[in-house]
Amino acid sequence: MMHNLAKIATRGLHQFRARDIAFIVHHLFKKNIQNKAIFEAVGEVMLSRFQDFYPKDIGMILCSCSRLGFRAMPFADALADLIMPEMDSYESKDLSSVIYSFGAMREPRMDMLRNAASAAVGISSTFDSRDMTRMLRSFAMAGYWDEELGETMAKQAISIMSTFSTLDVGQLAVAFCQQGKPQRELFFAISKHVTQNCHKMTAEDICNIVYSFTYLNHGCRAFYDEIASAAILIMDTFKPLHLRSIVCSYSKINYFHAQLFEEVAESSILNMDSFTVPYLKQLVRHFSKLQYYHEELMLEAGRQMVDENGKFHVETLLHVLDAFAMLNIKPSMLEDLHIKCKNVIHILETTEELSLVKSLSRLQMEGDCIDKISQKISEDSPDLTNEEIVEVAKVFTIVQYKKTQFWTAIGKEILRRDHTKWTVKQLGVLSSAFGSLSSSLCAEPWSEVVSKCFKMFFIMFQLKESSEITIQDVAAVSSAIPFGKRAGLLPSGFVVQVTRLAISKAPEARPDDVRCILINLSQIDLPISSRRRFLGIYRAIFNEVSVFLNCKDCKKITEVYVEMDQIRDDSTWANNFSFLNITL
């Protein structure tokens, strides 16, 4: 019946008012009538009678079109050309509707997004929470961001924050998060609003907020405790997607909230049959990362791997094994998992092989399994990418693998390749890996690798413009410097240069960068003024990120600062009594 009415309506579309056409299309979507010819006819009418269609009508038509699976329609480009000159006259609701609908239809054109951003900046103070969220999410999903738009929208969002629903505030946070734009004042306002409205949040709202805040490393423990409490109250509404998401987010900031994780584990066991393979492996991975062993959950996940009728999947098998390894747990089924691993080595990708090597090493179950993997990697080394070669060297160094034949094959492959194709970070990792290997085995095959890596590594670093060097490059360099110093391979003034870059790029540092830079550069003798300036600038950053570092690293870094403060106190005391002419 509806199909026949739709066909009749299509033949007389030109006689309908624009608003009526929009409602007809919307009802086709509601009834799930997937007739592409009807939508193509509607598109022709929109182009021929463009001035009759309000932006709201266009938005309704395009969204219905996309929800029925009709994207990249032939009329879309011509329609965009007609819309762009009109954007400056659009109200905020119209602008939001059009951009959102084009985003739903297909990837919006960059020129259209630029025009929309420019128009939105001029009327930013008129946006309400819903329209702002829809438009910014469309920009973020299209991979386009305008700095001026972001700043003006952040100010407007702060001024109307009390009007945001928990759904909209979560999506607003995600929009800024996806572009890596923290806008600290905005996120402070969001955190305050969320704290006051936790009791209204759904599972999806909670996951959006936690994802955004942890991704940008924003928020304090008290905030995450509030979110955890809200999540626990509605845990029975969490689906596998939400359970995986919240664990992943808390894992990202290395924060273990005992009650939350207990509730997630219990809910996951009840919903085990609904978990997809990727969600199950990620859940297990992040539980183990935070050193939380929930026996029933882990054993249930393990049974899924051992049981031939369960959700066996190589990646999940590796993650379950890795979880047991990280937690140093050896359940009775471990031998069954080990046998399963041996049987799938021939189909593993390089990253999976390395994951298995790390797990078996932690569980002290190396044996012939790791030997078989090393032999396979040696044979496949010419086909490995530079990234894979670096990861192989790093992992096999960590597990202290000593087989000469394996390292010779990897070393020859490194020497065979064009060293100008390696990145600064990759050369830093190779220098550290082969440097430690050479010092432990003192074997000739690796000396040339170490020498060439260091030389190319330092040459590249010195030739790069300062603006091209990231804080991650500085961290990679710093990890290799202690060995370079011992081996006498550091060019004159190089350490001072690296220290200056570490200081200038300190605001960009992530917790792991701070850890790597402080632990390694603090081992090197620097001029006392440079050392004090370097450690002084990083002190505040370390205090801020120390909560995300492990206790062992925090202790090492703290000892460096205690020593520095002691030297300063001794120096001050000596200066105060210098008039006595006593040699201290």
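Values in this document were obtained by computation on a predicted structure and should not be read as measured data.
A donor-acceptor pair under 3.5 Å is absent between the side-chain atoms of Asp57 and the main chain of Phe53, judged by distance alone. The main-chain N or O of Asn208 is found under 3.5 Å from a side-chain atom of Ser212 such that the two form a donor-acceptor pair. A donor-acceptor pair is defined here as one N or O able to donate and one able to accept, closer than 3.5 Å; no such pair exists between the side chain of Asp553 and the backbone of Leu549. Side-chain N or O atoms of His193 include one that pairs as donor or acceptor with a backbone N or O of Phe164 at under 3.5 Å. Asn197 places no side-chain N or O within 3.5 Å of a backbone atom of Lys200 that could act as its donor or acceptor partner. With hydrogens and angles disregarded, a donor-acceptor distance shorter than 3.5 Å links the side chain of Ser478 to the backbone of Ala475. Counting only distance, with no hydrogens or angles, the side chain of Ser251 and the backbone of Val247 share no donor-acceptor pair below 3.5 Å. A distance-only check finds a donor-acceptor pair linking the side chain of Thr499 to the backbone of Val495 [under 3.5 Å]. No side-chain donor-acceptor contact under 3.5 Å links Ser267 to the backbone of Val264. With Glu263 contributing its side chain and Leu260 its backbone, the two residues share no donor-acceptor pair below 3.5 Å.
The shortest side-chain heavy-atom distance between Ile503 and Arg500 does not fall under the 4.5 Å cut-off. Inter-residue side-chain proximity for Glu86 and Leu82 is flagged as unmet; no heavy-atom pair is nearer than 4.5 Å. Using a 4.5 Å cut-off on side-chain heavy atoms (C-beta onward), Leu518 and Leu535 make contact. Taking the side chain as every heavy atom from C-beta outward, Asp81 and Met112 never approach each other to under 4.5 Å. The shortest side-chain heavy-atom distance between Ile246 and His242 does not fall under the 4.5 Å cut-off. Residues Tyr215 and Ile253 have side chains not in contact (no heavy-atom distance under 4.5 Å, counting atoms from C-beta outward). Within the 4.5 Å cutoff, the side chain of Pro511 has no heavy atoms near those of the Val514 side chain. Taking 4.5 Å as the limit, some side-chain heavy atom of Met46 sits within range of a side-chain heavy atom of Phe75.
Annotation for Tyr144 and Met110: closest pair CD1-SD, 3.8 Å, computed over non-hydrogen atoms. In plain terms, the two heavy atoms of Met161 and Ala189 that are nearest each other are CG-O, 3.9 Å. The two residues Ile209 and Ala173 come nearest to each other via the heavy atoms CD1-CB, 4.4 Å. Across all their heavy atoms, Lys56 and Ser97 have their closest contact at CA-OG, 4.1 Å. For Ser249 against Thr214, the heavy-atom pair with the smallest separation is O-CG2, 3.3 Å. Annotation for Cys207 and Phe238: closest pair SG-CE2, 4.2 Å, computed over non-hydrogen atoms.
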- Task: Would you please test Phe127 and Met135 for side chain to side chain contact (heavy atoms under 4.5 Å, CB included) and show each step?
- Result: CA-CA 10 Å; Phe127 274 84; Met135 190 178 72; 3.7 Å; yes
- Query: For Asp205 and Thr202, what are the C-alpha separation, side-chain angles and deciding distance, and is it a side chain to side chain donor-acceptor pair (under 3.5 Å)?
  - Reply: CA-CA 5 Å; Asp205 299 337; Thr202 65; 3.1 Å; yes
- Would Lys358 and Ile398 satisfy side chain to side chain contact (heavy atoms under 4.5 Å, CB included), going step by step from the backbone distance to the final call? CA-CA 8 Å; Lys358 287 188 286 187; Ile398 290 170; 5.5 Å; no
- Evaluate side chain to side chain contact (heavy atoms under 4.5 Å, CB included) for Lys93 paired with Asp128, printing each intermediate quantity in order. CA-CA 8 Å; Lys93 203 170 287 292; Asp128 64 20; 3.4 Å; yes
- Where do Leu243 and Lys239 land on the side chain to side chain contact (heavy atoms under 4.5 Å, CB included) test, with the steps shown first? CA-CA 6 Å; Leu243 294 167; Lys239 297 177 181 178; over 6 Å; no
- Task: Report the C-alpha distance between Tyr250 and His286 in whole Å, list the side-chain angles of each, state the deciding distance to 0.1 Å, and finish with yes or no for ring pair (Phe, Tyr, Trp, His ring centres under 6.0 Å).
- Result: CA-CA 9 Å; Tyr250 275 74; His286 291 295; over 10 Å; no
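How far CG of Asn271 is from CG of Leu241: 12.0 Å, rounded to the nearest 0.5 Å. Put simply, CD on Glu388 and CD on Glu349 are 8.0 Å apart, with the number rounded to the nearest 0.5 Å. Distance OH/Tyr100 to OG1/Thr133: 11.5 Å, rounded to 0.5 Å. The structure places CD1 of Ile519 at 7.5 Å from SG of Cys516, a figure rounded to the nearest 0.5 Å. Rounding to the nearest 0.5 Å places CD1 of Ile58 at 4.0 Å from CD1 of Ile83. Note that the CD atom of Glu226 and the SG atom of Cys220 stand 9.5 Å from one another [nearest 0.5 Å].
The environment of CD in Glu387 is crowded: more than 12 heavy-atom neighbours from other residues, nucleotides or ligands sit within 6.0 Å. Taking a 6.0 Å sphere around CD of Glu508, one finds it holds more than 12 heavy atoms contributed by other residues, nucleotides or ligands. Atom CZ of Phe256 is surrounded by more than 12 heavy atoms from other residues, nucleotides or ligands within 6.0 Å. Heavy-atom contacts from other residues, nucleotides or ligands closer than 6.0 Å to CZ of Arg49 number more than 12. For Arg17, the CZ atom counts as loosely surrounded, since its 6.0 Å shell holds 12 or fewer non-hydrogen atoms of other residues, nucleotides or ligands.
Taking the six-membered ring for Trp, Phe261 and Phe287 have ring centres closer than 6.0 Å.
Phe534 and Tyr538 have tilted rings, their planes meeting at an angle from 30° to 60° on a 0 to 90° scale.
For the ring-ring contact (aromatic ring centres under 6.0 Å, His included) test with His218, the passing option among Tyr224, Tyr211, Phe213 is Phe213; the others fail.
Under 3.5 Å, the side chains of Gln472 and Asp513 contain a donor-acceptor pair of N or O atoms.
For Gln156, the side-chain hydrogen bond (donor to acceptor under 3.5 Å, both in side chains) test picks out Ser159, with sequence neighbours left out.
The pair Asp111-Arg114 does not count as a salt bridge, with every side-chain nitrogen at least 4.0 angstrom from each carboxylate oxygen.
A cation-pi geometry, defined here as NZ or CZ lying under 6.0 Å from the six-membered ring centre and within 45° of its normal, holds between Arg221 and Tyr255.
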